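Everything on this sheet refers to the single structure shown next.
For reference, positions follow the sequence shown, starting with 1. These numbers come from a predicted model, not from an experiment.
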Amino acid sequence: MKTFTAATLLATAGIFGLSGCASTGNITPQYVPPSTYQSYDCQALGQEYNRVNRYVEAARNEQSTLSSSGVGVGVSAGRWGISPNISFGVGKSNNTKARDARLSRLYGERDAVIQSARIQRCSFANGIKIYGE
């Protein structure tokens, strides 16, 4: 009995997690007009919604890129005598402007797909919130 209850709760939580509100964090979606998707039927809108969500997840999980912070040239003395050396400073970049811009566009596309799906009364759009709701 406990296994069934835990499995049921886990499945219910998964359903609500997938169909809950569209969280964008602190990134505001770009405006994309719903008319962009007016020629799509409900099946195509559902596929487009899933495609955009895959891109959103990929962008969210994107790691910071490496950035060079300088080049050093020097002379070192060691066991083999004096020799020149070159060093490169490489570190993680905290610059996420490009990723945030891409997410903003994707959030706007996702909202436009949902708005278009609501206009066409597509069942998959029931319960999915857009930015500001």
Side-chain angles (χ1 to χ4, degrees):
M1 185 70 177
K2 285 184 179 181
T3 307
F4 177 72
T5 305
T8 303
L9 287 174
L10 186 60
T12 304
I15 290 170
F16 284 118
L18 291 174
S19 65
C21 64
S23 175
T24 62
N26 59 354
I27 300 171
T28 304
Q30 272 185 339
Y31 178 73
V32 176
S35 61
T36 304
Y37 300 100
Q38 71 184 6
S39 64
Y40 289 44
D41 62 1
C42 286
Q43 181 181 2
L45 285 169
Q47 290 172 348
E48 185 68 8
Y49 179 77
N50 291 332
R51 183 188 68 79
V52 170
N53 274 333
R54 282 193 304 272
Y55 285 132
V56 166
E57 287 306 312
R60 280 184 184 165
N61 295 329
E62 205 173 80
Q63 297 296 322
S64 296
T65 58
L66 292 179
S67 67
S68 64
S69 60
V71 177
V73 178
V75 178
S76 62
R79 184 174 178 176
W80 306 105
I82 298 174
S83 62
N85 66 14
I86 300 174
S87 62
F88 298 95
V90 178
K92 271 194 169 181
S93 171
N94 291 328
N95 185 359
T96 58
K97 289 180 184 176
R99 181 185 64 106
D100 291 351
R102 189 168 48 254
L103 279 171
S104 177
R105 175 68 185 178
L106 289 168
Y107 291 150
E109 288 179 14
R110 184 171 63 186
D111 285 356
V113 168
I114 293 302
Q115 289 172 343
S116 185
R118 287 177 180 174
I119 291 168
Q120 295 187 27
R121 296 189 174 102
C122 299
S123 62
F124 82 89
N126 294 339
I128 298 177
K129 295 184 179 187
I130 60 172
Y131 182 77
E133 289 185 333

Separation between CD (Q30) and CG (L103), nearest 0.5 Å, reads 11.0 Å

Quiz prompt | Check: S116 side chain, V113 main-chain N or O, donor-acceptor pair, under 3.5 Å | solution = no

With a 4.5 Å limit on heavy-atom distance, are the side chains of L45 and F124 in contact? yes

Contact between Y107 and V52 at the side-chain level, heavy atoms closer than 4.5 Å - yes or no?
no

| field | Expected output: side-chain Q120 to main-chain A117 donor-acceptor under 3.5 Å | value | no

Just so I know, are the side chains of V32 and R105 near enough to count as touching, which here means a heavy-atom distance under 4.5 Å? yes

With sequence neighbours left out, the residues meeting ring pair (Phe, Tyr, Trp, His ring centres under 6.0 Å) with Y55 are none

Rounded to the nearest 0.5 angstrom, the OG1-CD distance for T36 and E109 is 8.5 Å

Test your reading of the model: is there a side-chain donor-acceptor pair from S104 to the backbone of I27, 3.5 Å cut-off? no

CZ of R60 to CG of L106, rounded to nearest 0.5 Å, is 10.0 Å

Check your understanding: Would you say the side chain of Y37 lies within less than 4.5 Å of the side chain of Q115, judging by non-hydrogen atoms?
Key -> no

- prompt: Would E57 and R51 pass as an ion pair if we require N to O under 4.0 Å?
  reply: no

Under the 3.5 angstrom rule, does the side chain of D111 hit a backbone N or O of I130 as a donor-acceptor pair?
no

Note: G108 and P29 closest approach over all heavy atoms is N-CB, 3.6 Å

Contacts of Q43 meeting side-chain contact (heavy atoms from CB on, under 4.5 Å) (sequence neighbours excluded), chain-then-number -> D41, Q47

Minimal heavy-atom distance between R110 and V56, with the atoms involved, is NH1-CG1, 4.2 Å

Applying salt bridge (Lys or Arg N to Asp or Glu O under 4.0 Å) to R54 and not counting sequence neighbours gives none

